[in-house]
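Per chain, numbering begins at 1; letters A, B, ... match sequence-line order.
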Amino acid sequence: MLEVQGLQKRFGGVTAVADGALTLREGELLSIIGPNGAGKTTLFNLISGLEPPDAGSVRFQGQDITGAVPEALAALGIARTFQHGRVFGNLSVLDNVLVGAHTRLRAVKPALPLLGPLLEMALAALRPPAVRAEEAALRRDAEQILARFGDRLLPRLHQPAFSLSYANRRRVEIARALALRPKLLLLDEPTAGMNQTETAEMQEVVADLKRSGLTILLIEHKLEMVMRLSDRVLVMDNGRRIAEGLPQQVRNNPAVIEAYLGHRHAGAEPVS
Amino acid sequence: MSAWFDYTVNGFVIGNIYALLAVGLALIYGVANLVNFAHGSVYVVGAYIGWAAITHLGTPLPLTLLCVVVVCALVGVAIERIGLRALQGSSRIAPLLATIGIGLVLDQVVQLVWSPDPRAVPMQVPEWRIAIGGGTIGALDLLIAGIGCSSAAVLYGFLRFTKLGWAVRATAQDSDAAQQMGVDINRVNMAVFAIASVLSGISGLLVGMYYNQINPAMSFEATLKGIVALIIGGLGNVPGAIAGSLILGLTESYGIALFGTSYRNLFAFVLLVAMLLWRPNGLFAPRRAAAPEPMVGTFIARSLPVKLPRWVVPVVLLAAALLPLLNQPYLLQIGANSLMYAMLALSLTLVAGTVGQVSLGHAALLAIGGYASGLLALDAGWPVALAIPAAGLITAGLGTALVWPAFRLTGHYVSIATLGIGEIVSLVILNWTGLTRGAIGLGGIPPLELFGVDLGSVQGTYWLCLVVLVLLALLQLRLLSSHLGRTWRAIRDDSVAARSHGVGEDRYKALAFGYGGFAAGISGAITAHVYSYINHETFGASLSVLALTMVILGGMGNVLGAVLGATLLIALPEAFRALAEYRILIYGVVLLLLIRFRPQGLMGTV
Amino acid sequence: MSLHRRSLLLGSASLGAGTALAPRSAGAADPVFVGVSGPLTGPNAQYGAQWKDAFDLALEQLNPAAQHKLQYVFEDSQSDPRQSVAIAQKFVNDARIVMELGDFSSPASMAASPIYQRAKLVQFGFTNSHPDFTKGGDYMWSNSISQAEEQPTLADYAITGLGRHKLGVIHLNTDWGVTSKNLFSAAVQAKGATVTAAEGFLPNERDFRSTLVRIRDSNPDGIVIIAYYADAATIVRQIRTLGLTQPIVAVSSVYSPKLIELGGDAVNGVHVITTFFPDEPRPGVQRFVEAFRAKYNRDPDTFNATAYDTMVLASTLVNQYGPTRAAIREGLGKVRGVPSVIFGTMQFDQTTRRVEGAQYKRLVVKDGRFTLFTGGTPS
Ligand SMILES: Nc1ncnc2c1ncn2[C@@H]1O[C@H](COP(=O)(O)OP(=O)(O)O)[C@@H](O)[C@H]1O
Ligand SMILES: [Mg+2]
């Protein structure tokens, strides 16, 4: 489903990603681990179109998507969350999720060149039945997605996101990504900053998504979660892949242990 | 060929003067991450302090300079301490607007103390001149160049080799990190504002001597040219600012050589916009599309809109509809003025508040609307009732097309680009004599009428404006409650996240500018028919600032707030008539207090 | 209406006989009001102040002997159209006001014109030279100097007076500057001379070096400045530092003592035309200048003189034709021979609603003083 080859990205003197390569099969969950600054987030950015790569290629479902703009990738069904959380602070929880469903708008967004935007504005103002039905359907869907998080978010549908707790904002972000009905979901440290209960809840949510057949690329520092969820694990250090394989193999790989011990400030928890 | 040599020399001479301004601006941007719109006002303060010292105290040059240095340093410290420090951590727009407010206050104080009359500044520099080509260069030219270069050199030395300088640099690189390492950011900021203000004040004095003339109105032009030079050189790049100034000077000079004097500023602003588009980081930075702005949108104060009891809006609306019955034409005229500005504020609150594109050139949309409707009525003989909506559509299209290239810019860059585009529109109107009648302006524009019904009376105007405003406001509210509203606000809050979810930024910015252009175009068109005469200055840059103040006063993105803000800012000066010359001063102070104590505006941001 | 300290300034008034012609059933002693819309604050504030001085002087002289005592209500517009239209509503709905004076700038005046025209209140734009101002309607009148008259006079000074035939023109790029420049060019051509270059600059520009290189390279034998005194001073200084030595001739708005203050030595030898010159021996001028000096202890300038003329005219109209709006409108069409500092005597052209026959003086700056130019070759 996703094939990444030879990706490179430099920022001034720093080579953030030196040789990004991975393949991901349909329905698979691949975790990327590695110390801070290893280049994991940059790799996500390259795949999701936020930064153009200096070299290399990305293919998605057989199509070359190297250097494509993020909105085009979203239209293809690639959704992501951000490491530091990027919810729309002034939008309500519901609106955040509805923005995630933007690519699914059909009735209100006629696919015509030039006239399309004007019609979109007219339809937004007039709201014929088809548009209202679509909006209502998306709303129901958004509420269903939010229901995945139990009653963490449902009672707060109309609160602005900036008023939510940190963990809830992370949840909103994931809900927003799911609203896109993605074929591929990129999760960048979804449990960062969460306590144990919250982490366990999040782990359940991700496991659920995996069960439903979603293809997932996960960056995560909490190795326990990685071991439980992943089909395969990829280890990065200094912008390079240093190991890849089944969770158990990777865990015992000396290079991996070295990389983690070598970076003491890494956010990794001791391997249990 | 000798003429070209002369044009080149002249370009350097004027660039030399811009450099003194741009260096200070660059320094402030580098450290405080802020385009200081009060810079030109400090320049004026410096000029007047110098003039007062020479004429009242008879000071010789060194003493004059000392006076200017001391006073301007104090002004700089005051700007930082009183005006800006409290705004750390508030929305990014706040300090920028605060500098606009400070500029307004300083200009007014200078004007109140020394009157708007131009003054002659006695020359205190030897008057010898050397001939270069067909012209001459005097001691003062060399002094200005010397001060420009040596202040750049001293700054460089200060930044490299002193402890405070090290702190300044550290702060410029990463203020959080610097703070953690024990740098006193406030002290650094204060030092920088003092230094930059001194530079600005000295240049005011020297330029005053150079032209033997100063007046309070010269601040705006100075700020504008300084900013253009700053952008060319790269925001925050001190040597770049000097080079940018010389390039600006040369561009203007060659522009005059090729096309004539009236094209001078057109060239300057086209250069500005071109730079923003192709090299937003300046000529001397490596080419990169992304500007060094924080990518996460914090441009809007976080707040909840004020919830009014349900009955308030209908009751106010009813009262507004019944106002003509009072038979108070003066009151009605103020009401009509407020309504016309409320349409402009609606437009700006959508663009700046809802979509986060803080436009400083919004008055240009009024101008396009006014000219479009006026020309359709005068030259094409269209009935007014058709010309006005047509003008709205034309403004929507033209306005959107003009800012389209700027859609990829963010934050301060949007404000500066729109400021430049606004000036370009005004200068094109001035120079496109064949279409717009140039400086003569458009006279004899027919009065308001609706298919034979005369609306030229103040009651008619008021009614028409009220109906149009209510329709526009309802439409805007309707759009805001649709998917467009959340999409616009998502772009504002975090355009990167929005794009990652499939939101095409350009499309939605274009729709916002389209609707905003329509509302502003209608406002300009109605104004044109009410005034019967407009020229390229009728809708000047000061209106853009006024409109922005209305929007902030009401609450960014808030439709009711925009109407309230417009009404207050149009009606209050009339109420303050008794305070005559203190009016603008009071208005500046109110703006500053508002930014400080109620950044979310009266009605809250949406 | 409340009497604000600033907004309402009363001319000197005293008791006297009057008829009951005032719009409200006014008593005999009721004063008659004119409304003034003009800048008292903002960038043009100094002009409003100059008007006031002249108005007060005129009323002080006229009211004691007049049947109808005139007073004025001065509203500060900052010369901003948004405010001038609101003020217009105030005036047209104030039944005491029989005539309006101002605004200062043409855009501010013309924006308010439709309101005055509709209400049939005369708008007397005494500084509005914009050719379209009086076209706003038959209630728009002006005694501002007509550029159609001034520019040929200027051309005559340059061509016949100074023997120049190739003229380079620098003009302000505004409605006034462009109109003037066009009229000047036409007048020059009519006299068989040529305009070698015409360069328009924007208000607030300070640097004219490159403009002057263009002028220089068009090889003029004289340079003509169409601007206000402040800009003119800067331009003249730069002309001289650029080493250009051609004679300089300038329009009447350049005539001001400030020209010499701002221009310094460089303005010596500059020629200007003017409609008002305090040293002119004509008795009408001398009476005004002496009274002004006595009251304010300084020389009046052109703005003072125009404002003075205007208030004299207003008083004349009220007393000759009656203190009603209709009477004033009618009177403007009929009145003849109103004494004027600028014109000698004023009467209005019925189609243009402007005054013709301004008396131009040719001046030259000598040793830092304006002096009457007495022919011969330029210094
Ligand atoms: N926009 C950027 N500009 C400069 N350097 C960057 C940028 N983004 C990332 N880097 C650098 O690239 C390296 C990899 O960062 P990142 O991808 O965030 O690592 P990880 O997500 O594995 O912690 C780091 O050294 C980081 O400082
Ligand atoms: Mg990361």
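No other option in A/Thr103, A/Val99, A/Val131 has as many heavy-atom pairs under 4.5 Å with chain B as A/Val99. Of all the listed residues (A/Ala161, A/Ala125, A/Ala177), the one sharing the greatest number of non-hydrogen pairs under 4.5 Å with chain B is A/Ala125. Most heavy-atom pairs under 4.5 Å with chain B: of the set A/Ala74, A/Gly49, A/Pro70, this distinction falls to A/Pro70. For the set A/Lys109, A/His84, A/Arg176, the count of heavy-atom pairs under 4.5 angstrom toward chain B peaks at A/Arg176. When A/Arg80, A/Glu173, A/Glu135 are compared by the number of non-hydrogen pairs under 4.5 Å with chain B, A/Glu135 comes out ahead.
Only the side chain of A/Pro160 comes within less than 4.5 Å of a heavy atom in chain B; its backbone stays farther off. If you measure heavy-atom distances from A/Leu98 to chain B, the contacts under 4.5 Å come from both the backbone and the side chain. With a threshold of 4.5 angstrom between heavy atoms, A/Leu186 does not approach chain B through any atom at all. A/Leu105 touches chain B through its side chain: at least one heavy atom from C-beta onward sits under 4.5 Å away, while N, CA, C and O do not.
Side chain of B/Asp493 to main chain of A/Gly89: a donor-acceptor pair is present (N/O by atom type, distance under 3.5 Å, no hydrogens or angles).
Within the 4.5 Å cutoff, no side-chain heavy atoms of A/His102 are placed close to those of B/Arg486. Taking 4.5 Å as the limit, some side-chain heavy atom of B/Arg492 sits within range of a side-chain heavy atom of A/Asn90. In this structure, A/Phe82 and B/Val496 have side chains that are in contact, with non-hydrogen atoms separated by less than 4.5 Å.
Residue B/Asp494 holds its CG atom at 11.0 Å from CG of A/Leu91, rounded to the nearest 0.5 Å.
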For this session: May I have the step-by-step check of side chain to side chain contact (heavy atoms under 4.5 Å, CB included) for A/Met121 and B/Tyr515, ending in yes or no?
Result: CA-CA 9 Å; A/Met121 183 121 97; B/Tyr515 179 80; 3.9 Å; yes

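Residues meeting the side chain to side chain contact (heavy atoms under 4.5 Å, CB included) test with A/Ala124, sequence neighbours left out: B/Leu479, B/Ser482, B/His483, B/Leu484.
Residues from residues 497-511 of chain B that place a non-hydrogen atom less than 4.5 Å from a non-hydrogen atom of chain A comprise B/Ala497, B/Ala498, B/Arg499, B/Ser500, B/His501, B/Gly502, B/Val503, B/Gly504, B/Glu505, B/Arg507, B/Tyr508, B/Leu511, given in numerical order.
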